[in-house]
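Written below as structure tokens is the structure these notes are about.
The sequence lines fix the lettering, A, B, ..., with proteins before strands; numbering per chain opens at 1.
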Amino acid sequence: MKALLLADLYQLWINFKFYAVFLVVALACALFSGPNDTPSVFFPMYAVFLCSMIGMSLLQLDEASRWNICAQTMPCTRRDQVTEKYVFTLACFGATWALFALLFAVLAALGRMPWPREAVQTVLMLAVGLLAPAVSLPPLFRWGSAKGRVIYIGMVVFVVAGVGGAIGGLINMKNVALPMPPTPILVALAALIPVLIFLASWSLSVRWYESREL
Amino acid sequence: MNAIETRALTKTYGDFTLGPLDLTLPSGCIMGLVGENGAGKTTAIRLLLGLTKPDGGAATVLGAPAGPDMRAVKQDIGVVLDDVGYPAGLTATQMGKVLAAAYEHWDMPLYERYLHDMHVPTDKKFSTLSRGNKMKLGIAGALSHRAKLLILDEPTGGLDPVVRDEVVDIFSDFTRDPACSILISSHIVSDLEKLCDYIAFLHKGKLLLCEEKDRLLEEYGILQCDRNTLDALDPRTVLGKRLTPYSAEALIRRDAAPAGTQLKPVTIEELFVLLVKEDLQ
């Protein structure tokens, strides 16, 4: 797996070094673009989302150069290949997430943002960063990048439009209100569920990739 | 121990079926897989490497069952695929570091020597290399971790004759160690004729012949004659023929040749072409 990680590290540097500039811009925008001198939600989310999709982009590059097949001729299993992509995704997303989480914590300590909002935003970033690759990677491992991408887009539309709409509708119909400020248990649950989904996604990807004809 | 053994190995894709394939490559030997495009050479190699699951039969590679869990045995296998498959953006130097992290017995000075001797640019991205240089880089990668078995899919394709000759010499040197073996597929039959101890002919997924090369060359010959003489031969002895308006050539077993006839020595290329043509007729 060390070799696969190293190959991806080189690919990251070659293909995605502009992300560093983007991160700096996103950080600056986050600091100065929010309402009432509070940091913006959009830019951190967007940055975390993009960085969490680096693994997916690398997988597509692997397929285009057929490195995914070549790597299978080396001493590594398909489980190693899947695990490496999830670890790499976690590292890319984790670094970005930690950066913004730290920023929010500093801003909350300086009084520029209330602690409940800091906690919700940090957990939301975690959810976005874990759920995006958790949804996108299994179809890519199962069907390859061409077919997998179409299925992934379909799934995102379903999840965002279908599930989001259904929950919104339910809240409206039942007049349910989300507790504000959120309780620590709710925040912990909101953080735990994406982690569990990410782990389930890894397990599904392993199973699907092991059964795929390369 | 045999380096490779397959028993009734089969794989079906739609209307194409490979096998049943029965091959044995003894340690220290080189086997050439010869076949036209789509004959099943790459499929056979993929089955041996566990990239594809067989529909029937079994294979062992260096004594271990071929399949997806060959991690340990792959330390001893060097592979060059027909398109090599290294990441597009990496240079030969970076690729050396990646391979060093993958193989326990990686020999960086040896890798660098191969790159130098074969004139492979070390600072250019893999995607910008010519097909020949990509292949040479793949060969350097496959040879630099003290493998006991090389599995090579069309490794000399795209190389100019001079480099091809050098590469063939490198492969020959590799098997000086009696523990080292090579399975090589190629369209360039002349390379295989120089290199191989065993030749396996694949045609439309079927194994037409698998024999020691010297034995093939001893056992078969070409009879050059007129069409009347050809028609007079027992059809069972004629394994292949080539007809022109003025003459005929027939591939026959030497022991089945009519008494007193002179047979021309057959080359592996002629043997393959005539066998396949006969099958097509």
Which one wins on heavy-atom pair count under 4.5 Å against chain B: A:S211, A:A64, A:C70, A:A71? A:C70
Which of parallel (below 30°), tilted (30 to 60°) and perpendicular (above 60°) describes B:H145 and B:W106? parallel
Minimum heavy-atom separation for B:A140 and B:Y114, please, with both atom names. CB-CB, 3.7 Å
At a heavy-atom separation under 4.5 Å, does A:L61 approach chain B through its side chain, its backbone, both, or neither? neither
Are A:K17 and A:Y19 in a cation-pi contact, defined as NZ or CZ under 6.0 Å from the six-membered ring centre and within 45° of the axis? no
Given a strict heavy-atom distance threshold of 4.5 Å, which part of A:N15 is in contact with chain B: side chain, backbone, both, or neither? neither
Below 4.5 Å, heavy-atom pairs only: which of A:R79, A:Q11, A:M1 has the largest tally toward chain B? A:Q11
Among B:M70, B:K97, B:K74, B:Q75, which residue has the highest count of heavy-atom pairs closer than 4.5 Å to chain A? B:K74
Among B:L99, B:V84, B:T91, B:L90, single out the residue with the greatest number of heavy-atom pairs under 4.5 Å to chain A. B:L90
Does a side-chain N-to-carboxylate-O contact under 4.0 Å join B:R46 and B:D153? no
So what's closer than 4.5 Å to chain A heavy atoms on B:K11: side chain, backbone, both or neither? side chain
If you tally heavy-atom pairs under 4.5 Å between each of A:K2, A:E210, A:M74 and chain B, the highest tally belongs to A:M74
With a 4.5 angstrom heavy-atom cut-off, which part of B:I151 approaches chain A: side chain, backbone, both or neither? neither
Inspect the contact between A:R212 and A:E63 and indicate whether a charged nitrogen and a carboxylate oxygen are less than 4.0 angstrom apart. yes
Is B:R164 salt-bridged to B:E166, going by a charged N under 4.0 Å from an acidic O? no
Can you tell whether the side chains of A:D80 and B:R71 come within less than 4.0 Å, N to carboxylate O? yes
Just so I understand: if I count every heavy-atom pair under 4.5 Å between each of B:P68, B:P87, B:A101, B:A72 and chain A, which residue has the most? B:P87
